[in-house]
Every structure is written in C-alpha cells, then in structure tokens.
Number of protein chains: 2
Amino acid sequence: MNILLIEDELRVADFVRRGLKAEGWVVEHADDGETGLEIMQDRGFDVVILDLMLPGLSGQHVCQKMRARSNPTPVLMLTALDSTDERVAGLRLGADDYLPKPFDFDELIARVQALHRRSTGYACCQSDGKLRHQGLIYDSAAMVLTVDGRIVELSAKERELIALLMASENKALSRERILNSVWGTHEDPMTNVVDVYIGRLRKKLGPYGKRITTVRGAGYRFG
Amino acid sequence: MNILLIEDELRVADFVRRGLKAEGWVVEHADDGETGLEIMQDRGFDVVILDLMLPGLSGQHVCQKMRARSNPTPVLMLTALDSTDERVAGLRLGADDYLPKPFDFDELIARVQALHRRSTGYACCQSDGKLRHQGLIYDSAAMVLTVDGRIVELSAKERELIALLMASENKALSRERILNSVWGTHEDPMTNVVDVYIGRLRKKLGPYGKRITTVRGAGYRFG
DNA sequence: AGGGTTATGAATATCCTCTTGATCGAAGAC
DNA sequence: GTCTTCGATCAAGAGGATATTCATAACCCT
C-alpha cells in the first residue's frame, strides 16, 4: 500500500512514517501542501494522510484542490482535538475521515486500513486477517508465514511480497505493479529485484513454491 | 463498559449487540429516539451508538437533545455511506465520531474503544485480570510478574511493556506503536529506548525471554 | 540534600537485508 | 535448428537494523 503523508512538523512526520513503514507500507512524505499536490500529479496513492495545519496552502485547500482535479484518493485528515468546525470543514471539502491529534498509533493504522478497504471494496468478512492457501498461511497481524505448520522466517520485503501475491490469488501481477506496491518504485524498471525475490520466496515456500507461476512477458501469478 | 445502542432495524441491532457483548460489554438497546433519551435519563452510559435514520425523532435530534441536556456521553453516529451532509450535520449537532454503513465490525469496536478512551483518558487495554502465558503470569492488579512461580522485580516501564506485549500476544508491534503506547510519544523517533527495554525484559524473563522475537524491519512480537 | 533506583541517549559491534551485475538457462520466434 | 529475448540464479559489497553496554541525567524516598 502506498501512502502520502503531508505534514510539516518533521519530528511528527518522521515518527508516523516509521510506524507506517513498519506496517509494511510504502510512505512518501511532503512538507507542505504544494509539494504534496505536485507529488500526487506524478503518481497515485492508496491513502493520503493530511495535516490540517500546514504552512502556505492549508490542508483544507489541498483537499479541495484534489477533489477539483477529480482525484478520488481517500483522505484522512489530522485535526486539532475537539475542533468541530475544522472537522466539519474538512468533511465538506472532501476528506473521508479525520483523526484528532494527538492520536494513538493503533487508531491511525486502523483508520488508514478502513479507508483503504472501503475504497477498494475489499470483502468485509475477512475477519482474522489471515491469508490461506492450503497449507500456506500468512498471518498479517503476527507477520508470520506458516508452511504446513512450520514457521518460515521472512524478511520485510519477502513478507510484503507474499502478502501481495496471496491477496491477489489467481491474478497475474506485472513486475511494475509489484515494484510499485512493495518497493514504492514508480519508474526505473531497470532492476531485477522482483525476480530475485520471487526466487527466494519459491525456495522458502518449499512444496508451495510451484504455486508462483511465471506469466511470460507479463509477470507472476499465485494460485 | 456500558453502551446504549439506538437503532430501529432489529436485524442490525441484534447483530451489533451480539458483537459488542462478545467484547464483554454491556449493551442496552432502544428502538427509537424517544426511548433512547428516556433510558439515558435513568442511567449513564460510556458510549452511545446512534443510527441516523430513525422513525420519529431522528438521530440528529437525539444528539441535539442530549447536548441540550448537557449530556457529555460520547456519541458514535452510524450514517449512510458517502452522505457528507449527514456526517457534517451529525458533527455539528454534537456527535463525536461517525461510521459510514456498511461497516466492519472491527472498525466499530475500534471506534467505540477510541471514544471511550478519549473521554476517560485511560488506556483501554487494561484488562484487570491476569495475563498468562505458560509459566509467565502478569497480574495487572497487583502489578507483579511471576516467572515459574518466582516473582520478578520490574520497573514501571518494564511492567507496562510486558503488559502490552502479553496483551498483544502473537501480534507484531512496531517500535512506534510501543513508544506511543508505553511512553506516550507522538514524535521524536531518535531514540532506542524500546530496544534497550526489550533487552532488559528478555534477560529478566529468563527462559521465556525467547518468547519476545524480533520481527526485522517491523518490530517485536510476543508469543 | 543524599543515596539509590530508574530512565535515557550514545557508541559500538555484529548481523542481516537489500541490491546489483553477471552468468546461465529456458521459451518462443523465425 | 538457430537466434533472440526473457527469466532464474548466484555471489558479493554496501548499507541498515538490532543487541548490548555504559555513562549520564532524572527521579524518588527518606
């Protein structure tokens, strides 16, 4: 998942960014509204986290401009606590949710997930957050992959990749799509990282390694 | 926790009530606004879940009347999806949060907890019982950790950390989440306190120290 | 104020991950 | 059958992340 964080306080931004990255998400950061809007013109995001208080262009204006440009990306707005007027204004200008500062990290993550789920129309009954495929289970809360009951050690990128593959069962994924989702790359396809990681996963998945099939000229498919 | 649910559709009400009860909460149900207001005059609640579309007195009016009576109970409003006007109106009339229908149960629970936490200013995960994991027992009332029957002396931060870890068994927790939850930090990621404390705990837990595993690139997991 | 405990930040050493480029192999085109 | 293109695999270096220790600062209790 790709997230754009627009927040001027660097220490806060850094804290949030690290936390989101630890969740396995790719985070881009912009200091101010103008920069944020520019970045959004270059590439798309799954969720935008937008501070209301920004130097120059305020969060409300950023949101307004996004909507004026028909950008449908869900926006989570960070507002001062108990400021009903700000919350109301934010919603009117097209924000999808708000979170009063200071917030609990758990809640931030829950809301980002909720927004993403809602915008993608993800099935809502995925209750336990586990991806299953026969004897292959990836528990995204524990960040643990089990192969026939045995725990397999994975690195961060490997985890993201297997989660993406299993979540897209039976769909072919292009290298670009994978790069974008796991690595956050939006250009520079002159790398073979994806191939290398697919190889590692195949090895680690043991008997299930064959489930990752190569779609020549297109990418990879799991299922 | 005591919750008042005001919802006219019986099927929805039943569904929600069961789920909330499963969380261990006490749920009262009212079919319509008037009944809801009456019940609230008799007794207090920690959170009110209020459907917007009600026969007779609408959700907005209920909320308005509550506030007119200086009732500060946090209100979570259930609105139709994408109805910005309703959301805005709800907030203006004193709702504290809204949740667009259809919603995920997890999200409902998360928001109810968040509202409660905010209004009481307490950390939510303080289940007053004991956290057990094999020979490891943390008694959160006595604030005592026992390892195979032997009491282990812990400092305040160490206690909070082990309590958090044990309460989140088998969930990976990022350093930022831990910092946020135990240290109350909202910024300043330039510290390695978490690592230091994890190290101390591992030592003090003796044979159970290995239960705290490092999830590289993500944080720590207990279990 | 003093003694002890607890909390924090810095420094270091170690280990692991990531990435790249090269080489080898397989599949499809002609 | 040969050529060409695309994918698989390998190994090594660079960079990052984590564990651990220590010194200092803050705190608390008499």
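Naming convention: chains lettered A, B, ... in sequence-line order (proteins, then strands); numbering from 1 in each chain. Please read all numbers here as calculations on a predicted model, not as lab measurements.
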Phosphate OP1/OP2 of [N] contacted by [X] side-chain N/O (<4.0 Å):
X: T214(A); N: dA8(D); result: yes
X: K203(B); N: dT21(D); result: yes
X: R202(B); N: dA19(D); result: yes
X: Y197(A); N: dT9(D); result: no
X: Y220(B); N: dA19(D); result: yes

Nearest listed nucleotide, side chain of S155(A), among dA7(C), dG21(C), dC18(C):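 The answer is dC18(C), which lies nearest to the side chain.
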
Which nucleotide in the set dT19(C), dC18(C), dT20(D) lies at the smallest distance from any side-chain heavy atom of V193(A)?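 The answer is dT19(C).
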
Interatomic distance where [atom1] belongs to [X] and [atom2] belongs to [N] [whole Å]:
X: D188(B); N: dA10(C); atom1: CG; atom2: C1'; value: 14 Å
X: R159(B); N: dA7(C); atom1: CZ; atom2: P; value: 9 Å
X: R175(A); N: dT5(D); atom1: CZ; atom2: C1'; value: 12 Å
X: R221(B); N: dT18(D); atom1: CZ; atom2: P; value: 14 Å
X: K157(A); N: dT20(C); atom1: NZ; atom2: P; value: 11 Å
X: I198(B); N: dT20(D); atom1: CD1; atom2: P; value: 11 Å
X: L201(B); N: dT18(D); atom1: CG; atom2: P; value: 17 Å
X: D195(A); N: dC24(C); atom1: CG; atom2: P; value: 18 Å

Once hydrogens and angles are ignored, does a donor-acceptor distance under 3.5 Å link the base of dT20(D) to the side chain of N192(B)?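 Indeed there is one.
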
With no angle test and no hydrogens, is the base of dT8(C) tied to the side chain of R200(B) by a donor-acceptor pair under 3.5 Å?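 In this structure, the two groups form a donor-acceptor pair.
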
Are side-chain N/O atoms of [X] and [Y] paired as donor and acceptor at under 3.5 Å?
X: Y220(A); Y: R175(A); value: yes
X: T185(B); Y: R11(A); value: no
X: R43(A); Y: N2(A); value: yes

Judged by each residue's nearest nucleotide on DNA chain C, which is more toward the 5′ side, M190(A) or W183(B)?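 Nearer the 5' end of the strand: W183(B).
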
Closest-nucleotide 5' rank along DNA chain C - winner of T191(B) and R216(B):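 The residue whose closest nucleotide sits nearer the 5' end is T191(B).
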
Establish, yes or no, whether the cationic atom of R200(B) lies under 6.0 Å from the six-membered ring centre of Y197(B) and within 45° of the ring axis.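 So R200(B) does make the cation-pi contact.
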
Ring centre gap for F222(B) and H133(B) strictly below 6.0 Å: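 Between F222(B) and H133(B), the centre distance is under 6.0 Å.
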
